[in-house]
Student: 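I am attaching a structure below and will ask some questions about it afterwards.
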Amino acid sequence: MVLQLVLLAALALCGHCSKQDLDGMQRVVGGTEARSHAWPSQISLQYSSSGGWYHTCGGTLIQRNWVMTAAHCVDRKLNFRVVAGEHNLNANDGSEQIFGVSKIIIHPNWNSNNPAAGYDIALLRLSGNANLNSYVKLAALPREGTILPNNYACYISGWGLTRTNGQLSSTLLQAYLPVVDYQICSSPSYWGSTVKNTMICAGGDGVRSGCQGDSGGPLHCAVNGQYQVHGVTSFVSSQGCNVRNKPTVFTRVSAYISWISKVIAQN
């Protein structure tokens with residue numbers, strides 16, 4: 001049986017949210033505010049509506065002019081921009097760098113009518129090159145095929161809802177989400193056949209999770225003393241964001257390293 005899942009773009013929550021709606025929405029369930037610019041490869045993906053810009057998803061800066069995010073964040077016709085060096089969405093810290101999106105490349109096997117099939121990954125080519133500094137840095141990606149063991153320590157970060165049907169946080173939040181390995185996550189009492197081996201599960205304690213607005217953002221896991229981005233936030237249970245034994249599900253980045261390299265080389 002395929003369990004109902006909810007993709008985690010903020011737009012999926014309320015369509016074209018007004019600024020009042022978004023100001024009242026928070027993110028990362030059970031998390032705490034991240035130290036300012038603790039995750040310098042994290043970006044805010046925003047869309048324009050009625051003369052304003054609104055956060056919809058997270059993403060990761062992987063080259064000076066390339067961002068990795070979730071396919072479901074960008075599979076609709078909207079005008080997007082990327083903000084790097086962001087911490088508080090409602091304040092200008094002077095560290096932000098804003099870029100237009102010149103090209104959107106969604107994985108060719110992504111099917112918005114069947115998100116449980118996987119392939120929830122997209123690359124955005126930016127209109128310019130990011131200036132790398134202490135606020136804006138490139139993410140390290142895992143080696144192709146890397147599989148992290150059960151209970152491996154990782155962190156999600158994002159501006160998503162802080163509780164199911166809650167509100168978006170103005171500041172970047174983070175939460176500890178240990179890995180739930182594929183054997184456990186695909187068992188009947190967890191996600192069953194909904195989860196594929198090209199995905200990575202993390203969390204599921206019923207307290208901490210990703211939520212709407214976190215989509216496309218990173219799952220950071222320290223390997224050999226360096227944080228790598230092992231996941232792209234994809235979906236949670238339709239029963240709620242922080243449901244016990246329904247871990248947050250991410251696209252497993254290590255399954256797409258060759259595709260990422262090929263896209264960047266050809267574009």
Side-chain angles (χ1 to χ4, degrees), residues 5 7-8 39-43 57-74 105-111 114-125 137-158 176-187 190-204 210 214-236 246-267:
L5 56 89
L7 297 166
L8 295 182
W39 307 111
S41 65
Q42 167 98 44
I43 64 91
C57 283
T60 300
L61 189 69
I62 60 171
Q63 298 280 345
R64 288 181 64 197
N65 64 331
W66 285 95
V67 160
M68 174 176 68
T69 189
H72 78 262
C73 289
V74 291
I105 300 170
I106 294 172
H107 195 285
N109 293 340
W110 165 250
N111 181 354
N114 185 21
Y119 307 104
D120 191 9
I121 189 169
L123 296 177
L124 313 180
R125 191 178 69 192
K137 295 181 180 179
L138 303 183
L141 300 185
R143 291 180 59 180
E144 187 165 17
T146 299
I147 303 288
L148 297 176
N150 190 59
N151 214 34
Y152 198 93
C154 297
Y155 292 85
I156 187 176
S157 60
Y176 173 67
L177 289 190
V179 169
V180 179
D181 70 21
Y182 176 70
Q183 183 176 359
I184 294 172
C185 199
S186 60
S187 66
Y190 278 72
W191 274 106
S193 60
T194 301
V195 163
K196 310 299 185 287
N197 62 10
T198 54
M199 302 172 184
I200 181 171
C201 302
D214 291 325
S215 268
L219 181 69
H220 314 268
C221 310
V223 177
N224 298 327
Q226 176 192 48
Y227 274 104
Q228 301 174 347
V229 174
H230 279 256
V232 176
T233 309
S234 185
F235 62 85
V236 293
K246 293 293 180 287
T248 305
V249 181
F250 303 79
T251 301
R252 178 167 61 81
V253 175
S254 67
Y256 296 92
I257 296 296
S258 59
W259 177 76
I260 291 168
S261 301
K262 181 179 177 183
V263 167
I264 291 175
Q266 292 179 348
N267 292 277

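Numbers here are sequence positions counted from 1.
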Student: Would you check if there is a donor-acceptor pair between the side chains of Ser234 and Asp120 at a distance under 3.5 Å?
Tutor: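 Their side chains do contain a donor-acceptor pair, which is all the 3.5 Å distance test asks for.
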Student: Kindly determine whether Ile105 and Trp259 satisfy side chain to side chain contact (heavy atoms under 4.5 Å, CB included), including the steps that lead there.
Tutor: CA-CA 11 Å; Ile105 300 170; Trp259 177 76; 4.2 Å; yes
Student: Under the rule for side-chain hydrogen bond (donor to acceptor under 3.5 Å, both in side chains), what residues qualify as partners of Ser186, not counting sequence neighbours?
Tutor: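 Checked Ser186 against side-chain hydrogen bond (donor to acceptor under 3.5 Å, both in side chains); zero matches.
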Student: Using the ring-ring contact (aromatic ring centres under 6.0 Å, His included) criterion, which residues pair with His230? Sequence neighbours excluded.
Tutor: none
Student: Show the nearest heavy-atom pair for residues Val232 and Ala70, with the distance to one decimal.
Tutor: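 For Val232 and Ala70, the tightest heavy-atom pair comes out as CG1-N, 3.7 Å.
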Student: With sequence neighbours excluded, tell me which residues meet ring-ring contact (aromatic ring centres under 6.0 Å, His included) with Tyr119.
Tutor: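 With sequence neighbours excluded, Tyr119 shows a ring-ring contact (aromatic ring centres under 6.0 Å, His included) to His107, given in chain and number order.
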Student: Would you sort out whether Thr194 and Phe235 count as a side chain to side chain contact (heavy atoms under 4.5 Å, CB included), showing the intermediate values?
Tutor: CA-CA 11 Å; Thr194 301; Phe235 62 85; 4.0 Å; yes
Student: Begin from the C-alpha positions of Lys246 and Val236 and carry the test side chain to side chain contact (heavy atoms under 4.5 Å, CB included) through to its verdict.
Tutor: CA-CA 7 Å; Lys246 293 293 180 287; Val236 293; over 6 Å; no
Student: Could you list the donor-acceptor pairs under 3.5 angstrom formed between side-chain atoms of residues 260-267 and any protein atom two or more places apart in sequence or on another chain?
Tutor:
residue : atom : partner : partner atom : Å
Ser261  : OG   : Ile257  : O            : 3.0
Asn267  : OD1  : Lys103  : NZ           : 2.7
Asn267  : ND2  : Val263  : O            : 2.8

Student: With sequence neighbours excluded, what pairs up with Ala202 under the side-chain contact (heavy atoms from CB on, under 4.5 Å) test?
Tutor: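 Once residues adjacent in sequence are excluded, the partners of Ala202 under the side-chain contact (heavy atoms from CB on, under 4.5 Å) criterion are Leu177, Leu219, Phe250.
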Student: What residues, two or more places apart in sequence or in another chain, satisfy side-chain hydrogen bond (donor to acceptor under 3.5 Å, both in side chains) together with Trp110?
Tutor: Asp75
Student: Side chain of Thr233, backbone of Gly217: donor and acceptor closer than 3.5 Å?
Tutor: yes
Student: How far does CD1 of Ile200 sit from CG of Asn197, to the nearest 0.5 angstrom?
Tutor: 12.0 Å
Student: Quick one: does any side-chain atom of Thr198 pair with a main-chain N or O of Thr251 as donor and acceptor, under 3.5 Å?
Tutor: no
Student: Checking Lys137 now: which residues fulfil side-chain contact (heavy atoms from CB on, under 4.5 Å) with it, not counting sequence neighbours?
Tutor: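 Listed in chain order: Pro40.
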Student: So, using ring-ring contact (aromatic ring centres under 6.0 Å, His included) as the criterion, who are the partners of Tyr152 when residues are at least two apart?
Tutor: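 Here no residue qualifies.
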Student: Identify the heavy atoms of Ala222 and Tyr227 that sit nearest to each other, and give their distance.
Tutor: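 Answer, listing the atom of Ala222 first, then Tyr227: N-CD2, 3.5 Å.
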Student: side-chain hydrogen bond (donor to acceptor under 3.5 Å, both in side chains) with Ser157: which residues, sequence neighbours excluded?
Tutor: Gln42, His220
Student: Do you know which two heavy atoms are closest between Pro247 and Val180, and how far apart they sit?
Tutor: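 Closest approach of Pro247 to Val180: CG-CG2, 3.9 Å.
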Student: Applying side chain to side chain contact (heavy atoms under 4.5 Å, CB included) to Ile43 and Thr69, what does each step give before you reach the verdict?
Tutor: CA-CA 9 Å; Ile43 64 91; Thr69 189; over 6 Å; no
Student: What residues form a side-chain contact (heavy atoms from CB on, under 4.5 Å) with Asn224, not counting sequence neighbours?
Tutor: none
Student: Could you pull out all donor-acceptor pairs under 3.5 Å where a side-chain atom in residues 142-151 meets a protein atom, sequence neighbours excluded?
Tutor:
residue : atom : partner : partner atom : Å
Glu144  : OE2  : Ser258  : OG           : 3.3
Thr146  : OG1  : Arg143  : O            : 2.7
Asn150  : OD1  : Asp181  : N            : 3.0

Student: If you look at every heavy atom in Cys73 and Gly216, which pair is closest and at what distance?
Tutor: SG-N, 4.1 Å
Student: Could you work out, with side-chain contact (heavy atoms from CB on, under 4.5 Å) as the rule, every residue matching Ala117, not counting sequence neighbours?
Tutor: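 Expected list: Asn114.
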Student: Crowded around Gln183 CD? As in, over 12 foreign heavy atoms under 6.0 Å?
Tutor: no
